[in-house]
Amino acid sequence: MPRNTSATPDQAGRWVITRFGGPDVLKWETWNPQTELPADQVLVRIIVAGIAGPDNIQRVGGYPHERCSKPGFTPGYDFVGEVVALGSSLPKGGPLVVGDRVTSLCMIGAHATHIILPLTELIRIDHADDPIKVCALPLNYMTGWGMLKRCGVDLKPGSSILIGSVSGGVGTAVAELVRAFDLGLNMIGTCSPSKFDYVKSLGVIPIDRNAPDLVEQVRALTNGEGVDVAYDAVGSEDTLRKSCQATKKDVGQVIAIGVMSEIASDGSGLVQGSLDVGALMAARLQPRMRFWNMLEPYYTSTRNLWLEDFDAILKKVREGVLVPTIAKLLRLSEAVEAHKTLISGTAVKGKLEFIVDEDLATQYGL
């Protein structure tokens, strides 16, 4: 088995959320994935794994899915890896063979050396594809594309958008996709002043996310009209209200994509102790607002469309037109540090990733 960057470099292992809480709830455990491979599934050795906001909310127990409703699971939403074994009932000459490179939007399980998934959850990629660039796509860039094209908004060239938390992984993805596909949108984004230069490099006009006159600034940048669409990842009553006020009167839309406001500022848990995202959004959303989640219906109910879009974005990466911004690369052993980085947010400018393969980590000086 190739060496990995975990605390057990010659053994398979995974990070486990032992209880809901701060980063210290993460514990490393070794396992033997070969003994757990069902006949109809695929064993993959993980090369690179993504780190993102959903890992943060999963760790504190607020993610709205039954697969992570109780402690004991491994976080990690997306990855690039290599097929190492096929279940005994899968055809040996089928769509995947041992040695194939794959990527996946797995939702949980990627912060590990290996993962077991159904064949249908894996997307074959080329060996020539850069695993670090491709790993940024399934969650961040596909969420970004869905926000622009698949969430019910109609953004024609010349339209204006307000991207909340624009310096993060998804905000960065939205901005880079607008440029890569030449969508012709006017972009304004909220962030901390320390990130203004970075945000400007994305082609976005930055505004201090804590500015008391945020709405007025947006209107001043849009001839007094406001933006066509505002994207809100915080989901608090205050940010949703300001997002709505920053849109065009009567016709502007707010797309809420997250509820990061419900995580305690120190990352130790949920503000209210428990979280029902559906009920929370139902109570907070006003006319011209909607909550959008990439998993349903985009990924789950319209999978073929999602795959077509993924291929189009991957093509842009292969052509060099789209170069996903990577905020930081870490070793798999640094999961606690990674979660602290998510909580702080100060160092996040783009996508965070674990390099799990030791040889690849060495190439990047990790």
Side-chain angles (χ1 to χ4, degrees), residues 52-54 136-137 139-211 213-222 225-236 238-248 252-261 288-294 313 322 324-325 327 345-346 348-352:
L137 304 185
L139 176 59
N140 293 56
Y141 286 74
M142 291 305 296
T143 296
W145 188 251
M147 290 161 61
L148 292 166
K149 291 291 186 179
R150 307 302 181 197
C151 70
V153 299
D154 183 18
L155 291 168
K156 297 179 173 62
S159 299
S160 55
I161 60 175
L162 175 64
I163 311 167
S165 308
V166 66
S167 62
V170 171
T172 293
V174 169
E176 292 184 338
L177 287 165
V178 167
R179 280 180 152 183
F181 285 85
D182 196 21
L183 299 183
L185 304 181
N186 300 311
M187 298 183 286
I188 304 168
T190 65
C191 62
S192 300
S194 64
K195 298 179 180 179
F196 276 14
D197 287 344
Y198 169 71
V199 169
K200 289 176 183 177
S201 75
L202 299 172
V204 180
I205 300 173
I207 293 178
D208 184 350
R209 62 188 177 91
N210 293 317
D213 62 342
L214 186 151
V215 173
E216 289 75 15
Q217 288 192 54
V218 172
R219 291 197 170 276
L221 291 167
T222 55
E225 293 184 342
V227 296
D228 293 283
V229 178
Y231 298 105
D232 191 316
V234 176
S236 70
D238 182 59
T239 61
L240 288 169
R241 182 180 65 255
K242 288 180 178 178
S243 293
C244 189
Q245 291 172 348
T247 65
K248 290 181 176 178
Q253 299 179 68
V254 176
I255 305 299
I257 63 164
V259 288
M260 301 310 287
S261 63
R288 297 189 289 115
M289 299 181 185
R290 73 168 70 93
F291 182 70
W292 184 79
N293 182 300
M294 193 254 287
I313 293 170
L322 174 63
T325 297
T346 56
V348 180
K349 298 175 183 177
K351 177 76 168 177
L352 294 165

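Heavy-atom basis, side chains included; hydrogens, waters and symmetry copies ignored.
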Report task. Going by the side-chain contact (heavy atoms from CB on, under 4.5 Å) test, name the single residue among Arg290, Lys248, Met289 that passes it with Gln253. Result -> Arg290

Requested in this report: Measure the OG1-CD1 distance between Thr143 and Ile257 for me, rounded to the nearest 0.5 Å.
Outcome: 7.0 Å

Query - Reported NZ-to-OH distance for the pair Lys351 and Tyr141, which is rounded to 0.5 angstrom - result: 9.0 Å

Query raised in the report: What's the spacing between Glu225 CD and Thr247 OG1 if we round to 0.5 Å?
Result: 11.5 Å

**Report entry** NZ/NE/NH1/NH2 to OD/OE distance under 4.0 Å, Lys195 and Asp197
**Finding:** no

Query raised in the report: Is Ile205 close to Met187 at the side-chain level, that is, under 4.5 Å between some pair of heavy atoms?
Result: no

Query raised in the report: Can Trp292 and Tyr231 be said to form a ring pair (Phe, Tyr, Trp, His ring centres under 6.0 Å), step by step?
Result: CA-CA 10 Å; Trp292 184 79; Tyr231 298 105; 8.9 Å; no

Query raised in the report: How long is the span from the OG1 atom in Thr222 to the CD1 atom in Ile161, to the nearest 0.5 Å?
Result: 13.0 Å

Query raised in the report: Counting only N and O atoms by type, is there a donor-acceptor contact under 3.5 Å from the side chain of Ser160 to the main-chain atoms of Asn186?
Result: no

Query raised in the report: Nearest 0.5 Å, what's the CZ-NZ distance between Phe181 and Lys149?
Result: 9.5 Å

Query raised in the report: Any side-chain donor paired with an acceptor under 3.5 Å for Thr172 and Tyr198?
Result: yes

Query raised in the report: When you measure from the side chain of Asp213 to the backbone N and O of Glu216, does any donor-acceptor pair fall under 3.5 Å?
Result: no

Query raised in the report: Going by heavy atoms in the side chains, are Asp208 and Phe196 under 4.5 Å from each other?
Result: yes

Query raised in the report: Do Leu139 and Met294 have side chains that get closer than 4.5 Å, going by heavy atoms?
Result: yes

Requested in this report: Verify, without hydrogens or angle tests, whether Thr239 (side chain) and Val234 (backbone) share a donor-acceptor contact under 3.5 angstrom.
Outcome: no

Query raised in the report: Would you say the side chain of Ser165 lies within less than 4.5 Å of the side chain of Arg209, judging by non-hydrogen atoms?
Result: no

Report task. Could you tell me whether the side chain of Val227 reaches within less than 4.5 Å of the side chain of Arg219, counting heavy atoms only? Result -> no

Query - Where Leu177 and Gly144 come nearest, the two heavy atoms and their spacing - result: CD1-C, 3.8 Å

**Report entry** Lys242 and Asp232, any side-chain heavy atoms less than 4.5 Å apart
**Finding:** no

Query raised in the report: So do Ile313 and Leu322 actually touch side chain to side chain, heavy atoms under 4.5 Å?
Result: yes

